[in-house]
Colleague: 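Here it is, the structure, as structure tokens.
In what follows, every heavy atom counts, from backbone to side chain, and hydrogens, waters and symmetry copies are set aside. One-based numbering, in listed order, for ligands and for the atoms of each.
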Amino acid sequence: MKEKIKFARMVSVLLTLALLGAGFIAHPAEAQSQITSPEKFFGFQLGSDRHIARWDKIVEYYKLLAKESDKIKVADMGPTTMGNPFLLVIISSPTNLAKLERLREINVKIGDPRGLSEQDVKKMVGEGRAVICQSMSLHATEIGGIQMAPELAFDLLARGDEETQRILDNVIFLLVPSFNPDGAIMVADWYQKTLGTEYEGSGLPWLYHKYVGHDNNRDAFQTNMIESQYMAKILFTDWIPQAYLDHHHMGSYGARIYVPPYAEPIRPLADPLVWREMSWYGAHIAYKEEEAGLSGIINMSQYSGWGHFGFHWITPFHNIAGMLTESASAKLATPLYIDPSQLQGGARGLPTYAEQTNFPAPWPGGWWRLRDIVERQKVSAWALLDLAARNKETVLWNAYLKAKRQTERGAQGKPAAYVIPAVQHDPLTAVKLVNKLLVQGIEVKQAPKGFTAADGMTYPSGSYFIPLAQPKMGLIRYLLGRTFYPDNDWTRAKDGSPMRPYDMATDTMFEFMGVRVDPLNNVVKGDFPKLAAPVPAVGKVTRGAVGYMFDGRLNDSFKAASLLIGKGVPVRRIDKPGDGFRPGDFYVATGQEAVIAEVARQTGVDFAALESEVKQANHDVKRLRVGMYQRYSGGNMDEGWTRFLLEQFSLPYTTLMDAEIKKGVLNAKYDVIILPDDSTAMITGERSVVSGGERSRPMSPVPPEYRSGIGNEGVEALKAFVQKGGTLVTLGQATGFAIERFGLPIRNALANLSSKQFWCPGSTLKVKFENSHPLAYGMPVDGLAVFMGNSPAFEITPTDYNERYETIVTYADRDLLQSGWLIGEENLAKKAGMIAAKYGEGTVVLVGFRTQHRAQTHATFKLLFNALIR
Ligand SMILES: [Zn+2]
């Protein structure tokens with residue numbers, strides 16, 4: 001990241017520093033009197049009924065604390081997606097803050113001790129400080145953390161007792177007061193708007209982030225969002241803290257707060273110490289909660305150690321004890337009454353709501369308030385700092401051990417390295433993968449000349465080489481190597497039916513992105529230089545006699561085509577192979593050199609010389625008018641991700657909501673309408689409440705203007721749109737809407753199977769692409785996996801007009817599983833994954849698998865892009 005951390009100017013610290021320099025201990029009693037309490041500043045006790053402090057006021061408060069105290073620095077990491085400040089607050093003793101950069105360097109070295117002697121490390125452990133990071137309210141409706149943290153900061157600055165002093169002396173506390181400031185503002189404003197009405201405490205009708213809502217925690221390994229990039233910079237490269245605790249909320253009817261460690265199963269390949277640390281910190285946290293007389297504390301339950309690769313779950317593979325707390329939710333700041341009979345067990349590790357070792361004091365029921373959440377979270381947050389402060393040297397020494405042992409495992413294990421060959425189906429996407437690895441703080445080397453691996457494979461110059469003998473070995477294995485989710489007693493119910501993983505069954509970034517990565521069992525000898533900065537992608541332009549050709553296999557070529565068309569440059573596309581062309585390749589004529597040079601610079605796409613007139617069949621490319629369907633009911637994350645994706649590739653769209661669809665005459669404004677992944681009932685509005693899952697409070701009703709669904713008129717309007725020549729692109733579950741409501745002779749072959757018969761909870765699978773079809777232009781025939789999360793797969797029912805239904809993607813006939821978990825592959829083998837169905841004059845495109853899942857599955861973006869640029 002380019003952003004330099006700017007520390008807010010500190011005022012009135014000179015005297016204190018002078019005293020410290022002279023060997024005096026700080027005078028907490030004096031400091032205390034100068035520090036404004038949150039209650040005084042905000043005008044209410046944080047967490048009190050019907051009060052939510054807004055982010056702008058919270059920012060002001062931290063800045064005030066930085067003026068009043070020399071134990072706190074406030075850094076603005078930069079603007080969020082919507083332009084609000086993203087803060088990092090650093091709290092420690094004035095002495096530590098005065099040499100913060102030196103302490104940071106020590107910490108990073110301990111986290112990657114290659115080349116250091118044990119003696120060096122011992123010295124650093126003596127000089128260093130434990131670094132602990134905690135972040136608040138990543139999920140913006142889970143407001144406990146963001147409301148709690150100002151009080152935590154105030155206590156650290158003002159309490160002045162021995163315990164506090166020990167924390168300040170021994171710990172550098174990295175406090176992220178809001179992981180999602182944009183969402184925090186939306187939620188505070190929504191609460192204010194509904195306060196005192198019958199909708200008070202109801203959920204936000206739209207996503208609590210411009211693009212991704214709740215999925216922001218699923219972004220840690222691909223870091224598409226700017227907020228994720230700031231957190232990655234703090235956690236993975238700048239600091240590498242020893243522990244990270246992320247504060248969340250859960251459903252309302254079980255335990256009051258979950259604290260570490262995780263339940264079974266865990267994800268292997270981390271250093272064992274990291275799992276023991278989570279138990280150690282978690283035990284202290286739970287112990288301190290009981291000491292404070294707070295009931296309803298549970299640990300080692302509900303949240304399995306194998307989760308998604310979000311921030312608290314990916315950090316263990318960075319050798320950071322990555323943990324979360326989950327508090328029972330109230331109705332935002334409105335209390336929720338819970339009858340004792342409503343309290344229930346049934347979660348992983350809590351079969352019944354009753355005393356057990358990890359839950360010795362069940363909460364009895366009654367009123368549940370935001371203040372109860374704030375208090376429990378504050379005890380958790382403090383306990384983590386306290387334990388680290390009491391054991392600073394152990395914590396730092398073990399940080400060294402984790403990094404050293406993971407490096408040794410990487411050196412001894414197989415594979416010993418991965419190679420990302422310079423020659424790729426889509427080399428620009430391979431560069432994006434490399435740059436994403438750098439964001440994780442993974443060491444990547446690049447071969448200045450070609451080399452031959454021990455198994456005889458040769459690789460051209462420019463290929464990337466990632467040795468596993470480095471501290472983040474476990475992380476590299478999951479991002480670049482095939483992964484199989486466990487199928488055992490922890491993942492099957494008593495009756496043998498599989499239990500859903502917490503999220504997806506794999507996070508194999510190389511497969512998601514369609515980048516060829518080769519595991520090598522032997523390290524290649526040779527002195528390859530490390531990449532010190534992100535790899536730039538600047539396209540080369542070579543002028544030909546008649547024009548320029550650009551490669552239809554590159555995702556970024558769609559961006560290039562869109563930008564060119566937007567600037568009035570005609571673009572053409574090849575339809576038949578031959579003469580050095582593949583179907584889907586693009587070309588432009590000479591005459592617009594300045595525009596082409598600019599587009600090459602912006603996209604990284606090479607424009608190759610075209611020396612003679614194109615004889616292959618080709619056509620004029622159109623950038624179609626795209627309507628992107630958006631609904632309320634909490635928003636649809638797949639819609640948000642799709643919007644984000646289209647913007648990344650400069651593909652224009654218009655957001656299309658219920659009222660406009662119901663009005664009809666859609667062809668006047670749109671050529672293509674996209675229905676993102678959603679159930680039929682949610683699209684039509686027959687069901688307008690998202691199921692919150694077990695133990696969740698159902699979503700409360702929202703004001704009528706935010707109830708959504710296209711209704712029967714909308715269904716008829718969409719049918720008319722396609723009949724008159726429009727294209728309806730349906731993604732994931734939304735394919736079911738088209739099949740059912742349009743009466744297509746297509747069925748979901750997986751619809752009536754039990755989970756024991758078929759199960760694919762987020763896996764990469766082998767398929768064949770019909771790449772002579774315009775919707776699959778630029779795809780290979782095979783070799784790229786699709787991502788499937790219990791998605792539909794299709795069979796075409798025989799009719800007299802079978803020619804109207806074209807299969808674009810077909811599942812392989814055997815050995816389908818690339819990574820993840822798959823049961824009953826025979827039910828999926830040879831079925832269609834994507835179909836183009838004629839309907840009247842137009843087309844319904846059905847994409848069953850997750851072609852643009854969380855903007856992570858670059859391998860299959862083109863299957864969507866081809867419907868928009870053609
Ligand atoms: Zn959460």
Colleague: Measure from the Zn ion (ligand 1) to every N/O/S atom of H248 and report the name of the nearest one.
Modeller: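 Nearest to the Zn ion (ligand 1) within H248's N, O and S set: ND1.
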Colleague: Indicate whether any N or O donor in one side chain lies under 3.5 Å from an N or O acceptor in the other, for D638 and Q852.
Modeller: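 Yes.
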Colleague: Within the stated cut-off of 2.8 Å, is an N/O/S atom of H139 closer than that to the Zn ion (ligand 1)?
Modeller: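 So H139 does bind the Zn ion (ligand 1) by this criterion.
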Colleague: Examine the side chains of H139 and H249 and answer whether a donor and an acceptor come within less than 3.5 Å of each other.
Modeller: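 The answer is no; no qualifying pair exists.
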Colleague: Restricting to N/O/S atoms, is E142 within less than 2.8 Å of the Zn ion (ligand 1) or not?
Modeller: yes
Colleague: With a 6.0 Å cut-off on ring centres, are W313 and Y502 close enough?
Modeller: yes
Colleague: Taking the six-membered ring for Trp and the full ring for Phe, Tyr or His, determine whether the centres of F179 and Y230 are under 6.0 Å apart.
Modeller: no
